[in-house]
Amino acid sequence: MTIRQISTRPFPGQRPGTSGLRKKVKVFQQPHYLENFVQSIFDTQNDLAGGILALGGDGRFYNRSAIQTILRMAAAHGISKVIVGRGGILSTPAASCVIRKFRTQGGIILSASHNPGGPDDDFGIKFNVPNGGPAPEKVTEAIYRRSEEITSYRITESPDVDIDRLGTRNLQDMTVEVIDPVQDYTDLLAGLFDFELIRKLLHSGRFRMRFDAMHAVTGPYATHILETLLGAPSGTVINGTPRENFGGGHPDPNLAHATELLEMTRGQRGVDFGAASDGDGDRNMILGRDFFVTPSDSLAVLAANARLVPGYQAGIPGIARSMPTSQAADRVARQLGIDCYETPTGWKFFGNLLDAGKIAICGEESFGTGSHHVREKDGLWAVLFWLNLLAVKQQSVQQILMDHWRQFGRNFYTRHDYEGINSRIAGELIDDLRGQLPGLPGRELEGYTVEYADDFSYTDPVDGSVSDNQGLRIGFTDGSRIVFRLSGTGTEGATLRVYIEAFEPDPQRHLLQTASVLAPLAKVAEQLAGIEKRTGRAAPDVIT
Ligand code: G1P
Ligand code: ZN
């Protein structure tokens, strides 16, 4: 067989972040750029040689060409088999499912998640480990170190492999197995949820829903599961045909970007249930008629009602939420008498807790929810979980939330993002705030008394590893809280995120406007951080 050894050089800053390596397509198109990173994965993950690799992506521009490059490099590296989704497609949770089901030695997922796609937009690559989850820090560090010293990579000289036909073919000594990207994932979900009951709900004539795939990878998954298997009328899935540029949109399921769906849930004629997922299928947004469920509340509701769903009937051992996620889940855990873990931002911190059986359900405020069924957050899983609950409870989304708040109290919640600010100024803002923290406890600010103020540090209860400087927390005596942190995923300058949460036990006040309830705390945040004075921004760029 013809293997070529090609000289390369390190690319500065080729550091995988929390979500792998994410850059503009143009950066990835530079000669040797993708190859460099892939070779660094192969050079450091010793079990891959002679082993199995799962491979697929969200179908964005450059996906197909990257798949062919990776296949050629895998063949040159002595990988025995690559399992690839047809057309190069695997949603992120489906890739996690495939890695686990076929016990592969890892997987490569091509995606830049919710970032726009197309020749002038973003592409990404990440390596997932054999538990199906994102590589932990020690793995990404090793890949990074290797990418800095690499001088050559190996690749076969061979024609493109046909990835559009199911079945097995050879690329020199390596087997390429093209699988249906939807099947294994569907089987997994069918084992967790009561599909019969959901089918009845969708056929009752009293329930209408829409799922917005945002022209991204969940189109085929949602169409198969919701329309074909569960019998929802055709047209239930909107924007269901994946496009390489996501139709020019921003495939991020939130109130700012999923506006078409939002409109469909409005007014008397609005649908009963609306849901959306992002570019690679791991995020979700849940809407009722004229009603938005915050991701923090969604996590709390799913955890509180887990026993109503077949896959979680025996109860859950614990819950985990990322630190900035509202404390609604903590209140559920307390009442259920189970543990609630507060982890740093990023899905990878849930992996150890899930593997150790300490938790079964976890989530982040950034529209990510998931469970022990895979090791990624999972958009469609959350949607089916909600459908299962709606089918059991025979209540509206709003009614379920109102009941939940009556039982647990309501954590009003918002996130303010200041994007593309000067990195130096952002750093100073955080440093100055950090300096103020020791003086805050006991102080009264706009009627709220500070109970604690710290720079969040996490010690992993499973492996003892410590992650420092994970965001500044200011907690108040009534359970309200303000959190400041800098984004780890932004691509230009710095993004400051301010998370504001107020606890309200009184049901009479549960339908107040979030913005007005949180206004005094927003004022406190501004007083402490001086955001406008430092950045010149009078208001956040994005409010979620
Ligand atoms: C953001 C979200 C975080 C999520 C990550 C990857 O990270 O806040 O919850 O895990 O994207 O989807 P950030 O930009 O805040 O570092
Ligand atoms: Zn995503």
Side-chain angles (χ1 to χ4, degrees), residues 16-22 56-60 90-96 109-117 122-126 128 133-135 140 213-214 216-218 221 246 250-254 257-258 276-285 294-296 298-299 320-326 342-351 362-370 374-382 413-421 426 430 456 467 469-472 483-499 540-542 544:
T18 48
S19 313
L21 184 65
R22 232 181 248 182
D58 63 12
R60 67 179 60 224
L90 280 176
S91 77
T92 293
S96 186
I109 304 178
L110 304 172
S111 167
S113 190
H114 49 283
N115 292 15
D122 293 358
F123 189 73
I125 175 169
K126 72 171 181 172
N128 277 28
T140 55
M214 305 189 85
V217 79
T218 51
Y221 293 87
F246 308 124
H250 201 126
D252 201 2
N254 59 36
H257 295 301
S277 191
D278 73 331
D280 63 328
D282 57 359
R283 292 188 173 193
N284 76 89
M285 178 172 71
T294 70
S296 296
S298 180
L299 171 67
R321 62 164 174 85
S322 69
M323 184 273 277
T325 302
S326 99
E342 184 174 39
T343 60
T345 297
W347 202 259
K348 66 180 177 200
F349 293 97
F350 296 136
C362 45
E364 296 192 272
E365 50 69 37
S366 53
F367 297 84
T369 336
V374 290
R375 290 295 180 273
E376 291 277 3
K377 53 196 171 217
D378 188 345
L380 267 169
W381 170 87
Y413 186 82
T414 193
R415 181 176 108 180
H416 292 182
D417 294 336
Y418 299 83
E419 293 175 346
I421 58 182
I430 292 290
F456 181 58
S467 308
N469 301 115
Q470 296 297 319
L472 309 182
V483 169
F484 296 89
R485 62 178 281 280
L486 298 180
S487 158
T489 61
T491 41
E492 272 153 63
T495 295
L496 171 69
R497 303 204 198 283
V498 186
Y499 311 80
D541 299 283
V542 184
T544 43

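Atoms within a ligand are numbered from 1 in the order they appear, just like the ligands themselves. All values below were derived from every heavy atom in this structure, side-chain atoms included, with hydrogens, water molecules and symmetry-related copies excluded. If you're wondering where the values come from, they're calculated on a predicted model, not measured in any experiment.
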By atom name, which N, O or S atom belonging to [X] lies closest to the Zn ion (ligand 2)?
| X | value |
| --- | --- |
| Asp280 | OD1 |
| Asp282 | OD1 |
| Asp278 | OD2 |

Does the [X] side chain pair with the main chain of [Y], one donor and one acceptor, at a distance under 3.5 Å?
| X | Y | result |
| --- | --- | --- |
| Asp280 | Ser111 | no |
| Thr414 | Thr544 | yes |
| Arg283 | Ala276 | no |
| Arg375 | Phe350 | no |
| Tyr221 | Ser91 | yes |

- Test item: Ser487 and Glu419 side chains (from C-beta on) under 4.5 Å apart, heavy atoms: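 SC-SC contact between Ser487 and Glu419 ruled out.
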
- Would you indicate whether the side-chain heavy atoms of Met323 and Val483 approach each other to under 4.5 Å? yes

Quick one: look up the protein heavy atom nearest [atom] and list residue, atom name and how far away it is.
| atom | result |
| --- | --- |
| atom 2 (C) of ligand 1 | Ser366 OG, 3.5 Å |
| atom 16 (O) of ligand 1 | Gly488 N, 2.6 Å |
| atom 11 (O) of ligand 1 | Arg283 NH2, 3.4 Å |
| atom 6 (C) of ligand 1 | Ser19 OG, 3.6 Å |
| atom 7 (O) of ligand 1 | Thr489 CG2, 3.6 Å |
| atom 10 (O) of ligand 1 | Glu364 OE1, 2.8 Å |

- Tell me which part of Arg415 gets within contact of ligand 1: side chain, backbone, both or neither, using heavy atoms under 4.0 Å.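 For Arg415, only side-chain atoms sit under 4.0 Å from ligand 1.
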
- Message: Side chain, backbone, both or neither: which applies to Lys377 and ligand 1 if a contact is any heavy-atom pair less than 4.0 Å apart?
- Response: side chain

- Apply side-chain contact (heavy atoms from CB on, under 4.5 Å) to the pair Arg22 and Asn115, showing each step before the final yes or no. CA-CA 9 Å; Arg22 232 181 248 182; Asn115 292 15; 3.8 Å; yes

Atoms in ligand 1 with a heavy atom of [X] nearer than 4.0 Å:
| X | result |
| --- | --- |
| Arg485 | 13 (P), 15 (O), 16 (O) |
| Glu365 | 8 (O) |
| Gly346 | 10 (O) |

- Please find out if the Zn ion (ligand 2) and some N, O or S atom of Asp58 are separated by less than 2.8 Å. no

- Please determine if the Zn ion (ligand 2) has an N/O/S atom from Thr92 lying under 2.8 Å away.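 Looking at Thr92, which is the residue asked about, there is no N, O or S atom under 2.8 Å from the Zn ion (ligand 2).
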
- Taking the six-membered ring for Trp, are Tyr413 and Tyr499 parallel (under 30°), tilted (30 to 60°) or perpendicular (over 60°)?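 Ring orientation, 0 to 90° scale: tilted.
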
- For the pair Glu364 and Arg321, find out whether any cationic side-chain nitrogen is under 4.0 Å from an anionic carboxylate oxygen.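 Arg321 and Glu364: not salt-bridged.
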
- Stepwise side-chain contact (heavy atoms from CB on, under 4.5 Å) check, His257 with Met214: CA-CA 9 Å; His257 295 301; Met214 305 189 85; 4.2 Å; yes

- What do you reckon, does Ser113 have a nitrogen or oxygen under 3.5 Å from a nitrogen or oxygen of ligand 1? no

